[in-house]
Amino acid sequence: MDVPENAPESCPGTQSEQAGKTQSCQGCPNQGVCTSGLPKAPDPAVEEIKSRLVSVKHKLLILSGKGGVGKSTFSAQLAYGLALNEKRQVGILDIDICGPSIPKLTGVENEQVHHSGSGWSPVYIEENLCVMSVGFLLSSPDDAVIWRGPKKNGLIKQFLKDVDWGDLDYLLVDTPPGTSDEHLSIVQYLSASGVDGAVVMTTPQEVSLLDVRREINFCRKVNLPVVGVVENMSGFVCPRCKTETQIFPPTTGGGEKMASDFGIPFLGRLPLDPRIGKCCDEGKSFLTEVPESPAAIAYKNIIERIILLIEKHQDENHEIDI
């Protein structure tokens, strides 16, 4: 949603059919332009963001239509996994404005953002892994963020435009559940910057798949490529005997069948392991704490698949450009 900085909080957006027509538009300095019927000018921030992110090779969104399926946990562990290669520079952008959990999951919840002449500096977890989140801007981790859409969109724009990300191989964007303001904003603001695509998270049960199907249709409507589907909480592996039990049976075929129905890659299954939750609470990498566990091996296989698919997509685009 494209909302001018000087617009009221309840602005419907300049691209909306209701632009200039709602009660909140009364008295807005942009109302005349919105109701004139003239083509809306593109947001200049899109080109500014493109310039800022020119040194970021790959941009990957982590999405799901359903809450509680493990997007943030996966985002954090994906970042840790990518950063195991010390030659890779990795960043995480947390745009879950109302529920910023990435700082806790990565053990940096007490850090603060610093300003420099080149912009905001992200918080570094390791030498090759950094994070930016609204969680760093709150006076207390218990503070509620009670913002309407335009204010959320403005912060997302600022994170993309004003943060000095430097040279990154991967920028991972952790998103809230659904297909709302934050999702529309991130897709619009990155439209000129070249997004590699989205990894879509689900759990095996149909109540999750229902919302995830909507998320995939959202991606298609906004021309966002889907790199693949990950099925989380796919069985429970006992840490002692390694026996796997289906906690959430895939009654309608689970994530693999859904991916097949949509004709998109199925990246793999991640089993439940109580040690994942423990590592998240302590802000540690599960992949380095319990590297030989079935869940860690599953994570590493999925990460390798993501890397291969992204590189393949990049090679195909390069051939077209030539």
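- Residues Ser185 and Gln188 bring no donor and acceptor atom of their side chains to less than 3.5 Å of each other.
- Of the charged side-chain nitrogens involved, at least one lies within less than 4.0 Å of a carboxylate oxygen, so that Glu256 and Arg269 count as a salt-bridged pair.
- Contact of the Asn301 side chain with the Arg305 side chain is not registered, since no non-hydrogen atoms from C-beta on lie closer than 4.5 Å.
- Checked for salt-bridge contact, Lys57 and Asp169 meet the test: a charged N lies under 4.0 Å from a carboxylate O.
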Report task. Go through the steps for Leu60 and Leu78 under the test side chain to side chain contact (heavy atoms under 4.5 Å, CB included), then give the verdict. Result -> CA-CA 11 Å; Leu60 188 65; Leu78 173 59; 4.1 Å; yes
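- Classification of the His115-Trp120 ring pair by plane angle, with boundaries at 30° and 60°, yields perpendicular.
- Looking only at side-chain heavy atoms (C-beta outward), Glu126 and Cys130 stay at 4.5 Å or farther from each other.
- Side-chain atoms of Ser72 and Asp174 include a donor-acceptor pair closer than 3.5 Å.
- Under a 4.0 Å N-O distance rule, the pair Glu206/Arg213 qualifies as a salt bridge.
- The two atoms that bring Gly255 and Val229 nearest to each other are O-CG1, 4.2 Å, heavy atoms only.
- The pair Lys278-Asp281 does not count as a salt bridge, with every side-chain nitrogen at least 4.0 angstrom from each carboxylate oxygen.
- Between Asp94 and Ser133 the shortest heavy-atom distance is OD2-OG, 3.0 Å.
- The pair Lys157-Asp43 meets the salt-bridge criterion, since a charged nitrogen lies less than 4.0 angstrom from a carboxylate oxygen.
- None of Thr73, Leu63, Ile62 except one satisfies the side chain to side chain contact (heavy atoms under 4.5 Å, CB included) rule with Met201; the exception is Ile62.
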